[in-house]
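Here's the structure, in structure tokens; my notes come after.
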Amino acid sequence: MNSFEELGVSPAICQAISEMGYEQPMPVQEAVIPYLLGENNDVVALAQTGTGKTAAFGLPLLQKVDVKQRHPQSLILCPTRELCLQIAGDLNDYSKYIDDLRVLPVYGGSSIESQIRALKRGVHIIVATPGRLIDLMERKTVSLTTIENVVMDEADEMLNMGFTDSINAILEQVPEQRNTLMFSATMSPEIAAIAKNYLRNAKEITIGRKNESTANVKHRAYCVQAKDKYEALKRVVDYYPDIYAIIFCRTRKETQEIADKLMQEGYNADTLHGELSQAQRDAVMQKFRIRNLQLLVATDVAARGLDVDDLTHVINYGLPDDTESYTHRSGRTGRAGKTGTSIAIINLREKGKMRQIEKIIGKQFEMGTIPTSQQICQKQLFKVIDELEKVKVNEEEISEFMHDVYRKLEWLSKEDLIKRIVSLEFNRFLDYYRDREEIKTDIGKKESNDEKGKKGRSRKAEKGFARLFINLGKKDNFRPYDVLDLLNQHTRKRVETGRIDLMQNFSFFEVREEDAKLVVKALKNANFHGRKVVVELSEEKGEEKPKKKTELDFAKPKKKKEYKEPVKEPKAKKPSREERGYTKARGRKDDWKQFFAPENSKWLKGPEPNFEEDGWAKPMKKGKKK
């Protein structure tokens, strides 16, 4: 492996990065730096987050700056404010020993006037979000005509956020004679289109395989029922006492709800989403960076470009709609050669999406089981013991108090003292998980129709709940929230509900056992869109006995009756006319010759036809023509 000096990096920059702990270049830096130090070299680099991309393009840009020229010479575009500030901070650290080099971060959410004043004083490198740079261009306060190098970091994410038109408008104002570099974690059609339009004979540099996840990240999935997702999240967090993680949610609302629940239950967590002001975002990020926060609950957009080292886990509270976003999420951990774990808490419906992600990242998810109460308590116990071992004792400060401490604790044996110290912290988890039911992993085993029918007919209510039958179903446009509306409208107290099962013609729902009779009585005179509501207890002696036949009963195949071929009795032979006593031929024998005139009777030839019943039906034999 080459050193930074062998790659052509100047001594001043090498001194700065050496003090920052950079010893050997990472693969992406070794591939990109020599190429960017040349002229008219366009690059499309595919590499994951955390692989050293900032230094890969930052070191060559700094080295190529002419400090005497006080005008913008390089432009770096990135999708978010956090990433913009991170890149600008890194460039300032790399250029510690380059006098008078100025880097300006330009982003929304801060004073545009102060940014304009800084541009007027002169800068060498602009790090900008597309939206704010467009604003400055429209105000005629920034000129891009002197730009020699353009870098688009996280290009795929900028396009996903809708910056395509802004990027096109910016690149049209930059001179054609420039170096252009696109960094992306994934190669999408949109990235290929931008590269085709604005890059000339670009060299494609791929670290790993296209769209592949970083090799240092393990991928684990827990498949549970939707109602158990939050409980599963808490168990995963409790199972890793030293967890330092970002929890990704799909929406701002979900992000805030999960963060609020975690904080209410004593977890060291906070939230990060687009509705926070810049001051709030900065405060949250500062606490998270210095580890005053253990868990950060965030949306995809808000977490882009977070400069956080040593994340142990990334937790996906459900998989993203865009499968490529998973690559960016998991790239938050396992950075700079360290290992990390990306955990997905999903339900059965998301398994298909998980398979798509596996194809993109080229790795298989390890299917895990939710930690049991005993496993979690054991982990937490050993954490307390480890902390006791690592406690730093200040002998001088504590010595004057130890005499009274010994006297107060002298009645305790060594074993009792250890037990009490450990229990001081451990009891919180022990009390919480003592009577908790374990969360079952939903493996998605298919059931036969008979099993489903049996399960549907014999399903019992959860412990502490009673199961009620209601005569409304899907055909009545009856939905779960309608159950809650009926309860809110007709009961005077808050009724806690459990499982709700909707059928075609009727439904079942669960309430607390002590509220069951109250609910049946309260809904006795209720109506739903003009239809009378009937609610009854559906369990007797622990078994469900619906008053009416269920749809499962109607769907059950009927037993086919065995077909027996009828026995045919031989018909009695009909007696002949002679046997019945007839002697004369049937009918009256007519002299048919009477119809012919006597003078014409000579024309009648041949034998007289047989006019009897049997004889008349017989065909006459045709004679041969003579």
Side-chain angles (χ1 to χ4, degrees), residues 20 48-50 52-55 58 76-94 103-112 114-115 127-132 153-154 157-158 161 185 237 242-263 267-317 320 325 328-336 338 340 342:
M20 295 172 64
Q48 302 303 314
T49 304
K53 293 187 295 183
T54 304
I76 302 172
L77 297 174
C78 51
T80 63
R81 294 172 283 194
E82 285 75 22
L83 185 56
C84 180
L85 289 169
Q86 173 205 329
I87 293 173
D90 288 343
L91 293 182
N92 283 323
D93 292 337
Y94 300 154
V103 179
L104 176 66
V106 172
Y107 55 92
S110 63
S111 172
I112 194 170
S114 63
Q115 294 173 0
V127 186
T129 56
R132 176 51 63 93
D153 194 16
E154 305 284 9
E157 189 62 23
M158 283 194 288
M161 293 171 65
V237 171
D242 296 320
I243 191 172
Y244 181 44
I246 299 177
I247 301 171
F248 283 100
C249 298
R250 295 173 60 184
T251 64
R252 296 176 184 176
K253 181 180 179 182
E254 185 179 57
T255 300
Q256 191 65 56
E257 288 176 353
I258 297 300
D260 289 343
K261 286 182 180 180
L262 290 172
M263 288 186 284
Y267 291 90
N268 196 6
D270 210 334
T271 183
L272 188 70
H273 55 73
E275 292 183 355
L276 299 179
S277 66
Q278 185 61 37
Q280 290 173 319
R281 292 167 64 91
D282 292 342
V284 171
M285 282 309 306
Q286 180 61 21
K287 288 191 294 182
F288 190 57
R289 284 192 181 100
I290 63 177
R291 291 207 177 195
N292 281 351
L293 291 177
Q294 196 174 10
L295 303 171
L296 181 65
V297 189
T299 56
D300 287 296
V301 174
R304 295 299 293 153
L306 295 183
D307 181 24
V308 182
D309 296 327
D310 303 328
L311 282 181
T312 60
H313 293 77
V314 166
I315 300 177
N316 299 270
Y317 193 74
S325 295
H328 293 288
R329 288 183 178 185
S330 60
R332 297 291 100 201
T333 186
R335 304 180 69 175
K338 298 180 180 178
S342 177

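The first residue of the sequence shown is numbered 1, and numbering continues consecutively from there. Everything quoted here is computed from the prediction, not taken from an experiment.
The shortest distance between side-chain heavy atoms of Arg132 and Ile112 falls below 4.5 Å. At a threshold of 4.5 Å between non-hydrogen side-chain atoms, the residues Leu262 and Val237 do not count as touching. Between Phe248 and Val314, some side-chain heavy-atom pair lies under the 4.5 Å cut-off. Arg329 places none of its side-chain heavy atoms less than 4.5 Å from the side chain of Ile246. Contact check for Thr271 versus Val284: no side-chain heavy atoms found under the 4.5 Å cut-off.
Thr129 contributes no side-chain N or O that, together with a main-chain N or O of Arg81, makes up a donor-acceptor pair within less than 3.5 Å. At least one donor-acceptor pair closer than 3.5 Å links the side chain of Asn268 to the backbone N or O of Asn292. Checking side-chain atoms of Gln294 against main-chain N and O of Tyr267 turns up no donor-acceptor pair under 3.5 Å. Between the side chain of Gln115 and the main chain of Tyr107, a donor-acceptor pair closer than 3.5 Å is present. Thr312 places a side-chain N or O within 3.5 Å of a backbone atom of Tyr244 that can act as its donor or acceptor partner.
Here the CG-CD distance, from Leu293 to Gln286, works out to 10.5 Å after rounding to the nearest 0.5 Å. Ile87 contributes atom CD1, which lies 4.0 Å from atom CG of Leu83 (distance to the nearest 0.5 angstrom). Atom CG of Leu272 sits about 11.0 Å away from atom CZ of Arg252, to the nearest 0.5 Å. Rounded to the nearest 0.5 angstrom, Leu295 CG and Ile258 CD1 are separated by 12.0 Å. In this structure, the separation between CG on Leu104 and OG on Ser114 is 8.5 Å, given to the nearest 0.5 Å. Distance check, rounded to the nearest 0.5 Å: CD of Gln280 to NE2 of His273 gives 8.5 Å.
Closest of all the heavy-atom pairs between Pro105 and Val103 is CD-O, 3.8 Å. The two residues Met158 and Pro130 have their closest heavy-atom pair at SD-CG, 3.8 Å.
No option in Ile315, Val297, Asn316 other than Val297 meets the side-chain contact (heavy atoms from CB on, under 4.5 Å) test with Cys249.
Every residue two or more places apart in sequence or in another chain that forms a side chain to side chain donor-acceptor pair (under 3.5 Å) with Arg250 is listed here: Asp321.
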Could you give me the CA-CA distance, side-chain angles and deciding distance for Arg291 and Asp310, then say whether side-chain contact (heavy atoms from CB on, under 4.5 Å) is met?
CA-CA 10 Å; Arg291 291 207 177 195; Asp310 303 328; 3.5 Å; yes
